[in-house]
Every structure is written in structure tokens, then in C-alpha cells.
Amino acid sequence: MVENLRLRLFILCFYLVNTAFKALTEDEIVKRKPYIVYMGDAADKSHVEAAENHHDLLLRVIGDESKAREVKMYSYGKNIDGFVARLFPHEVEKLSREEGVVSVFENTQRQLHTTRSWDFLGFVESKYKRRIAVESNIIVGVLDTGYKVIGAKFFHLLESFFDSDGQTAADYDGHGTHVSSTIAGVSVSDASLFGIANGTARGGVPSARIATYKVCWEEGCSDMDMLAAFDEAISDGVDVISVSIGGDSLPFFKDPIAIGAFHAMKRGILTTCSAGNNGPDLFTVSNLAPWVMTVAANSIDRKFQTVVKLGNGLTASGISLNGFSPRKKMYPLTSGLLASNVSAGGYGEPSTCEAGTLGEDKVMGKVVYCEAGREEGGGSRGQDHIVRTLKGAGVIVQLQEPTDMAISTLISGSYVFFQDGTKISEYINSTKNPQAVIFKTQTIKMLAPSITSFSARGPQRISPNILKPDISAPGLNILAAYSKLATITDYADDKRQTLYSIMSGTSMACPHAAAAAAYVKSFHPDWSPAAIKSALMTTATPMRIKGDEAELSYGSGQINPRRAIHPGLVYDITEGSYLEFLCKEGYNSTSIGRLLGGNNKTRKEYRCVDHKRVLGSDGLNYPSMHKQVSFTETKVSEVFYRTVRNVGYGPSTYVARVWAPKGFRVEVVPRVMSFKKPGEKRNFKVLVDGVWAETMRGIMSASVEWDDSRGHLVRSPILLFLSNNDYP
Ligand SMILES: *[C@@H]1O[C@H](CO)[C@@H](O)[C@H](O)[C@H]1NC(C)=O
Ligand SMILES: *[C@@H]1O[C@H](CO)[C@@H](O)[C@H](O)[C@H]1NC(C)=O
Ligand SMILES: *[C@@H]1O[C@H](CO)[C@@H](O)[C@H](O)[C@H]1NC(C)=O
Ligand SMILES: *[C@@H]1O[C@H](CO)[C@@H](O)[C@H](O)[C@H]1NC(C)=O
Ligand SMILES: *[C@@H]1O[C@H](CO)[C@@H](O)[C@H](O)[C@H]1NC(C)=O
């Protein structure tokens, strides 16, 4: 919770590995790499039984009792069956063929990918219904850089020599605190970063409780630690899991987040994940499993403007988080080029204010203008730090590409758009004594929501016919609590501490969606993870400000928690449906059977049957409809089969309304559905056909909405993507 930032730590338990190898030589230790051996569900096995089984397997493969003991680093076994061991490639090969093994994959590191934001969602405090008694029993598990509330555990199977964080769940980064306080925490007024974004800070479900699982350390967030944290969180009885972490997209059985979230789903826990920050290119979205809710980041209705005024009266509005007010009316202005001390033929690029290219005597007391670099991004490369070291008064950095993300500066600073930068450069060239002043950042209103440039886009490559991201939530310039153990700018010599900080990323969007899921759960404790996700998706608000990518950037739209507690109808998905889906996706039936659990007495053999005809285009009762089609002829024709369950009260009649672009037709059969009582189910199908037009650029965006004329609008986007076109 917000006020609980003093980080009085109590560590409930921790996992350390015995690193004292004996039968293994130093050389062998270096050559063996940690692998995760995933063996499906641990149900019906005791932890000891599982661990013995793991040892037997290793012994069979390695052939040496003491080596087998020493290579094993960790046994999972509460919910997830599997272990971590240091292995050679040939042992990996052998293990993959062993009975009971679903997959073997190398341990990799994944990366980490707020206040006004809740009001912006129409979730104004005291103006929405809450079930506080239930809410305060809701626990959200957060896998991140640490924090401290009802319980904090840390997972660090492979301790690194370079890690200064120590073996505690304390947050040395700030990310975990920021994410957690977006979910829960009571109102604190006058929250701001140096007065910027001044307002009331609170969590989305203020009374809910946070259980922290620290899995991210200086070197990143390792697969084996994340899997251990999932195994633990499921047993701890959390209600929702929030994971603002991502990496390369992998087949589900080699992706620790997909595996962990699958086992969470089996126990009724919804996992929300960030979509990633590699946008705006297509095919960048991560966390793709259909049983997770993948969250994109949208803007909220404010932006941070840092105005620069020149000696000739011209102004430019840059973007940054600049907490410094000018002490003088004007400061002498120079540029990286003019302040260069690089001799002819020397190394370095003074125009962009590269480290070591500027002379202190030419920078001291001045505002320095730095050109955009030519390399990718062309934004901040620490110019604020470089200029401060040389005792400069401020820094203006030209941006190569427009950005919507404001970042904190170490000294007075502003990032200006490309054309504004050119104007500043012209001014410097035009006068003998150029001058400038940088004002403190102001908060101004802007049109929203729109999807942020960095938010990762679909379509996806793992399950091409499931639309990802699923949904979007605020993730731009979010003010939320911060850790006192962390620096604001990430520079080690930044000694400023803050109770609140402003951060951007799908990392910030994910906890908003987790809180919304917890909120829905407080009204419907018996709903499945898929039903909660369906409620959030079908009531989401599609973006008014559309890019070319349409639903590939925001999925069903921005979350609307207040509507999500009364969705009218839900698209539910059972564990069995997910298994059938995996069959259709081509996963091995023996492996799928392992996900069911059971020991080898109780386990039933799982057989994939041919559901292709029954399941239609995408094979899952998903709340959105998506297909990547290849171009064979300009005509396209697809069918989606769906089942909805009535979660409204009394009798109701729903009529289907459809939208489709010119040249396309969406038909719903039947067009009218009547329900007599809650819990009833109805099947329908959606037929989409039409002819591609060049102007569509390979993206067909349509929708179907069930309307009961009594306030329930159950909306699903339909998106067809031409996978072999030359878009963009
Ligand atoms: C924030 O706003 C409140 C009232 O709106 C004001 O009293 C307070 O001084 C402000 N805090 C900062 C740091 O600007
Ligand atoms: C230029 O200045 C920087 C920083 O003041 C210094 O590190 C560097 O050695 C100087 N280079 C030359 C060629 O004087
Ligand atoms: C200002 O002068 C420098 C050095 O001659 C040059 O590189 C730069 O392009 C000029 N700026 C503009 C906007 O013309
Ligand atoms: C699944 O994998 C197992 C073990 O690798 C193999 O024996 C079996 O034949 C595979 N099943 C199918 C249907 O491919
Ligand atoms: C049960 O599983 C173990 C380990 O996988 C195996 O050694 C044993 O033969 C199995 N028993 C039966 C009855 O299949």
C-alpha cells in the first residue's frame, strides 16, 4: 500500500541453492547451463514424491548418482511439476525423450517491460460501487522487482556475483513499487513528482492486498525464478497475478509465463501480462497464450509539456519531467557543436553531446542544445548527465522521432521535436550571444485515449488466430508510488529520492488491468478466469483515435471496470477447451495429457480428436475474433463459432448488431437470442466474407455487438489480417 513504503521487510521464505559442487569440476560447472525440465501438472503428487522422481530421471540420463544430485538446482512441485538442472546439450536431448517430460528449455532472462489514470477511466473515487468486505480479501500476486505488503517472497535460484540488491524482497528498482501501488493502496492527496502531476494517488482496488514475488534482479527476470514464483503464488491462494515482464515469444511449453499462467488458470486465477514496449511495428506483441490477458498501453488525457524560450522570444514546447524552476530570466545558450573540444580528426560526435566531446569551460553555466543522433531512437542518451557533469545549467535535446513519453531529467531539461530543434539551431547560428530558458514542466490536457507509440502490436506468430493484445489500459506518464531505495533517473549519482514517480510502459498498463480483474472478481468470486477476462473485453471501449493497425494495437479497447461487473453475457473457456485448442495448434497429445495432472495410476491418456469442423476458424470460444489469412484470391470467407452464457438477471433478448467496412459483410446466425434465466447458454456463428481492397492495407476491422436494449452491449472486434501482403 502506498503509505507502507518504509519497506519494513519480513521475509517469509527464500530459496537459496547449494552451490558447493563436488563431483563436478569447475570446468564442467561453467559448461553446463541451467535448463528447465517441465513435466506438466503436479497434482496428486507430494512434493517429496516429485523431487524423487526428478532425481530418478536425472540419474537415468546422467548415470552418476552424485552428479545427478549436484546438477539439480531446484524442484518445482506444488502445482507445476518440473525441475531446474545444469545440463549438457546431449543430456537435454535425452531428457526431452523421457516419458513424462513435456519440454526442456534453457533458462533465459526476461525484461521488465500512476493516479489520474483511475479517474480518467471513469473510476472516480466514491462514485463507483465497491464491495469493500470482499475486496479486502482479494489478493493480487505481483511478479516484479519487489515491494512489501501482506507478504513478500523472493526467488533467486542463481545468485549473481554482480548483484548488489542482496537477498531480500526490497525494491531497489522502483518498478515493482510503482506497479503494486497502481493496483492497491488507499488515497494519498498531494502526490506528485516535484509538483508535477500533483493530485491524489490511489490504487484501482484500494482495499485489495498485494503479495509480492520478487523475480527481477539487476540481470533481469529469469525463467526459473518466474516459474518458482508462479508455483508459489498459486499455492498462496492469490486471486489475480500481474506480470509486467516479457521476452521473446516462444511456443507455450517453452515460455515460463505461459506455463505458469496455464497452471494458475487451472486453479481459477487470471494472469494479466504486459504486451511489451517494442511498438509501433507489427508482430511485436509478446505474452501470447490465450489463457493470459495481454495488455496494451494507452495515453490518458494529460501530457507533460516543458517549454523552452529563446532570447529572440521564440518558444518551443518540448516533453520531459523537469522539476526545476529557472532561477534567472535567461541563460547563455550554446550547442554541442560550439562547445566541442574534439580536435580535427578526433573521435566522437559533439553535435549530439556525446560523452567526452564537450569542454567544461564551454558548457559551465550554460544551456546546451544537442542534436538528435542518427542512430535508432535518436532520443535520450544521457545528455542531461553529461551536461551536468560539466556544470551546465540545462539541456535541450532534439528528438529524431516524435514521442509521447516523458522522462525525468537530472538537470533542467527538455526534449524537443525535430523541427523545433532545427529552429533552435538556426537561432544559435544567427546571433552572437544566444540565450534560452527552460521552464518547469506543466501538465496540459490532450485528446485521449490513443494507443502509445511504444505499445507492442499484433498480429502474433505463436497462435496466429488469437487476437493479441487483448485489451488496453493507461500506460503513459503514470504517477504512482516509488521506492526510496531507487533513483529517479537510474543514474547512480542521482541522489534525489521521491515517494512518487512518473513512469510509462505496458508495465504500467498491466497492473491497471489486474486491478480491474480483481474488481470484477470482488463482485463475481465464482467466475472463471476466462469469464472475468471476457467481461473486461466485451465491455471495453474501442479507441476513437485509430491508427492503421486498429485492433492490432488495442485489442477490444480500453478497460471499463464499472461496466465489466455487469457484462450481460460471457464467453467462457474451460480447461478442456484450452486442451482441445492446443491439439488444434499441433501440440503433442501425450504432452497435453501431462497438463491434466494425475500420477501414473490415475492419469488418463489424452487423445486429440479432430475438432476442426466444429471449432471453426480459430478453435476457441474467444471474446474477440481474429484470423490471419493468406492471399490466394481477393475474396475471403471465414466463420467463427461461439457460445455465450447469460450472466444477467431475469429474462432477456439480445439482438446482434454488426459493423463491417465497405466490401465486407458480417452475418450472425441466429441474429436474435432469448434467455429465460441466468446460466443459460446459446450458440451462434459469425460469417465474414468480402473482397480485399487495396486501401485496407491488409487489415479488415469489423465488429459484432449483442444488445439487450437494457444497457448490456457485448462487443467483440473482428479482425482479419492478410498475412502475406506487403503491408506496411
Ligand atoms: C498540490 O495541490 C494542492 C492543492 O491542489 C496544493 O495544496 C499543494 O501545495 C500542491 N503540491 C505541490 C507539490 O505542488
Ligand atoms: C574535452 O573535454 C572533456 C570533458 O571536459 C575531457 O574529458 C576531454 O579530455 C577533452 N578533450 C580534449 C581533446 O581536450
Ligand atoms: C548551424 O551551424 C552549424 C555549423 O556550421 C551547422 O552544422 C548547422 O546545420 C547550422 N544549423 C542550421 C539550422 O542551419
Ligand atoms: C508425442 O511425443 C511422444 C514422446 O516424444 C511420442 O512418443 C509420441 O509419439 C508423440 N505423439 C504424437 C501424437 O505425435
Ligand atoms: C510410474 O512412473 C515412474 C516414473 O515415471 C516409472 O518408473 C514407473 O514405471 C511408472 N509406473 C507404472 C505402473 O507405469
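As the structure lists them, so they are numbered: ligands from 1, and atoms in each ligand from 1. These numbers were taken from a predicted model, which means no experiment stands behind them.
Here the side chains of Val629 and Leu722 are in contact, with some heavy-atom distance below 4.5 Å.
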Dump the pairs for me: ligand 3 N or O, protein N or O, distance under 3.5 Å, to 0.1 Å.
unit_1: ligand 3; atom_1: 2 (O); unit_2: Asn429; atom_2: OD1; d: 3.1
unit_1: ligand 3; atom_1: 2 (O); unit_2: Asn429; atom_2: ND2; d: 2.4
unit_1: ligand 3; atom_1: 11 (N); unit_2: Ser425; atom_2: OG; d: 2.8
unit_1: ligand 3; atom_1: 11 (N); unit_2: Asn429; atom_2: ND2; d: 2.9

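A salt bridge links Arg110 with Asp223: the closest approach of a Lys/Arg side-chain nitrogen to an acidic carboxylate oxygen falls below 4.0 angstrom.
Within a 6.0 Å radius of NZ in Lys309, other residues, nucleotides and ligands contribute 12 heavy atoms or fewer.
Checked against ring-ring contact (aromatic ring centres under 6.0 Å, His included), Phe418 has no partners two or more places apart in sequence or in another chain. Judged as a side-chain contact (heavy atoms from CB on, under 4.5 Å), and not counting sequence neighbours, the contacts of Ala660 are Phe664, Val666, Ala702. Legend: residues meeting salt bridge (Lys or Arg N to Asp or Glu O under 4.0 Å) with Asp144, ordered by chain and number and at least two apart, are absent.
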